*Asks:* 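The structure under discussion is supplied below as structure tokens; questions concerning it will follow.
The shown structure was predicted, so the numbers you read here are calculated from the model rather than taken from an experiment. The residues of the chain are indexed from 1 along the displayed sequence.
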Amino acid sequence: MTSPPPFTVRTAYDDDYEFLFELKKQTEFEPIKNVFGWDETVQRRIHAEEWLEERPLIIESNGKAIGSYLVQDQGDKLYFCRFFILPSHQGLGIGSQILNLAIKQAQHQQLPLTLSYLQSNRVGALYQRMGFVQTGEDKQFVYMCYQHKN
């Protein structure tokens, strides 16, 4: 098995705003369309609100932005979100490494790590492989929590 390509993680800059919207569109268009219907105006508004709330980290490989993620501290738990990797860089092991970083952070802080993803998004298989278990679901989302191994 080949090892994943090297990557770095950095804070999002102002210049990353449009990249992050396009990244979400490239990776989530079909699941969003399937669950809610894609409305560019609504998606741009959500993007603007999320940007103001908290900026994600940018994943770079060979000096080029290829993805993003955010671990939000919600007091009694950490919430893993805004996890997107360009389709051309999916399946290379980068996502697993990013999840491992988030898991280690949760273990260090001794907090549960939770997440949710859109119904019909194939990312659920990755989360299960990494040790997340489903804690609930509704028509739009599947909810999961990482089970710390003692």
*Asks:* Decide yes or no for S68 and I59: does some side-chain heavy atom of the first lie under 4.5 Å from some side-chain heavy atom of the second?
*Replies:* no
*Asks:* Determine the sole option in K24, R82, R10 for which the salt bridge (Lys or Arg N to Asp or Glu O under 4.0 Å) test with D16 is passed.
*Replies:*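 Of K24, R82, R10, salt bridge (Lys or Arg N to Asp or Glu O under 4.0 Å) with D16 is met by R10 alone.
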*Asks:* Please tell me whether V42 and I32 are part of a single hydrophobic cluster in this structure, the criterion being side-chain heavy atoms less than 4.5 Å apart.
*Replies:* no
*Asks:* Using distance only, find each side-chain donor-acceptor pair of residues 69-79 under 3.5 Å and give its atom names and separation, not counting sequence neighbours.
*Replies:*
from: Q72; atom 1: NE2; to: E53; atom 2: OE2; distance (Å): 3.2
from: D73; atom 1: OD1; to: G75; atom 2: N; distance (Å): 2.9
from: Y79; atom 1: OH; to: S116; atom 2: OG; distance (Å): 2.6

*Asks:* Side chain of D39, backbone of T41: donor and acceptor closer than 3.5 Å?
*Replies:*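 Side chain of D39 to backbone of T41, a donor-acceptor pair under 3.5 Å: yes, one is there.
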*Asks:* Between H47 and E22 (side chain of the first, backbone of the second, donor and acceptor by atom type, cut-off under 3.5 Å), is there such a pair?
*Replies:*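 No, H47 side chain to E22 backbone: no donor-acceptor pair under 3.5 Å.
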*Asks:* Does Y117 have its ring centroid less than 6.0 Å away from the ring centroid of F141?
*Replies:* no
*Asks:* Salt bridge (charged side-chain N to carboxylate O under 4.0 Å, His left out) with E54: which residues, sequence neighbours excluded?
*Replies:*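 Residues passing salt bridge (charged side-chain N to carboxylate O under 4.0 Å, His left out) with E54: none at all.
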*Asks:* Would you say the side chain of F132 lies within less than 4.5 Å of the side chain of L113, judging by non-hydrogen atoms?
*Replies:* yes
*Asks:* Is there a path of hydrophobic side-chain contacts, each under 4.5 Å between heavy atoms of I, L, V, M, F, W or Y residues, that connects I58 with F21?
*Replies:*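 No, because I58 and F21 fall into different hydrophobic clusters, even though each may have its own neighbours under 4.5 Å.
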*Asks:* Given the rule in the side-chain contact (heavy atoms from CB on, under 4.5 Å) test, do L115 and C81 qualify, once you have shown the distances and angles that lead to the verdict?
*Replies:* CA-CA 6 Å; L115 58 81; C81 57; over 6 Å; no
*Asks:* Does K25 have any salt bridge (charged side-chain N to carboxylate O under 4.0 Å, His left out) partners at least two apart in sequence or in another chain, and if so, which?
*Replies:*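 Here the qualifying residues are E40.
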*Asks:* Salt bridge between R45 and E49, side-chain N to carboxylate O under 4.0 Å?
*Replies:*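 Salt bridge flag = yes for E49 with R45.
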*Asks:* Would you call M144 and T114 a side-chain contact if the rule is heavy atoms closer than 4.5 Å?
*Replies:*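 No - every pair of side-chain heavy atoms lies 4.5 Å or more apart.
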*Asks:* Counting N and O atoms only, with roles assigned by atom type, does the side chain of T135 sit under 3.5 Å from a partner on the main chain of Y143, one being a donor and the other an acceptor?
*Replies:* yes
*Asks:* Kindly write out the residues that satisfy ring-ring contact (aromatic ring centres under 6.0 Å, His included) with F7, not counting sequence neighbours, or none if the list is empty.
*Replies:* none
*Asks:* Which heavy atom in P31 sits nearest to a heavy atom in S120, and how many Å separate them?
*Replies:*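 Nearest pair, atom of P31 first, then S120: CA-OG, 3.8 Å.
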*Asks:* Answer whether the closest heavy-atom distance between the side chains of Y146 and F80 falls below 4.5 Å.
*Replies:*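 Heavy-atom side-chain distance check fails, nothing below 4.5 Å.
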*Asks:* Before you tell me yes or no, could you show the steps for N100 and M130 under side-chain contact (heavy atoms from CB on, under 4.5 Å), namely the whole-Å CA-CA distance, both residues' side-chain angles and the distance that decides it to 0.1 Å?
*Replies:* CA-CA 8 Å; N100 273 327; M130 297 299 295; 3.4 Å; yes
*Asks:* Which heavy atom of S61 sits nearest to which heavy atom of P6, and what is that distance?
*Replies:*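 Where S61 meets P6 most closely, the heavy atoms are OG-O, 3.1 Å.
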*Asks:* Given 3.5 Å as the limit, does a donor-acceptor pair link the side chain of Q119 with the main chain of D138, or not?
*Replies:*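 Pair found, side chain donor or acceptor close to backbone of D138.
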*Asks:* Identify whether F36 and W38 are in the same connected component of the hydrophobic contact network (ILVMFWY, side-chain heavy atoms under 4.5 Å).
*Replies:*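 Linked, F36 and W38 end up in one cluster.
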*Asks:* Quick check: does any side chain N or O of N34 sit under 3.5 Å from a backbone N or O of E30, one acting as donor and the other as acceptor?
*Replies:* yes
*Asks:* Taking only residues two or more places apart in sequence or in another chain, which ones pass salt bridge (charged side-chain N to carboxylate O under 4.0 Å, His left out) with D14?
*Replies:* R55
*Asks:* Once you round to the nearest 0.5 Å, how far does CD1 of I94 lie from OG of S96?
*Replies:*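 Rounded to the nearest 0.5 Å, the CD1-OG separation comes out at 10.0 Å.
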*Asks:* With a 4.5 Å cut-off on side-chain heavy-atom distances among I, L, V, M, F, W and Y, is there a chain of contacts connecting F19 to Y13?
*Replies:*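 F19 and Y13: separate clusters.
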*Asks:* Report, one line per pair, each donor and acceptor closer than 3.5 Å where one atom sits in a side chain of residues 83-92; sequence neighbours left out.
*Replies:*
from: Q90; atom 1: OE1; to: R122; atom 2: NH2; distance (Å): 2.6
from: Q90; atom 1: NE2; to: I85; atom 2: O; distance (Å): 2.6

*Asks:* Should Q110 and Q107 be marked as a side chain to side chain donor-acceptor pair (under 3.5 Å) after you check the CA-CA gap, both sets of side-chain angles, and the distance that decides it?
*Replies:* CA-CA 5 Å; Q110 299 181 329; Q107 290 170 332; over 6 Å; no
*Asks:* Do L20 and F29 belong to the same hydrophobic cluster, where Ile, Leu, Val, Met, Phe, Trp and Tyr are linked whenever their side-chain heavy atoms lie under 4.5 Å apart, directly or via other members?
*Replies:*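 Different hydrophobic clusters.
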*Asks:* Side chains of L23 and E28: closer than 4.5 Å at any heavy-atom pair?
*Replies:* no
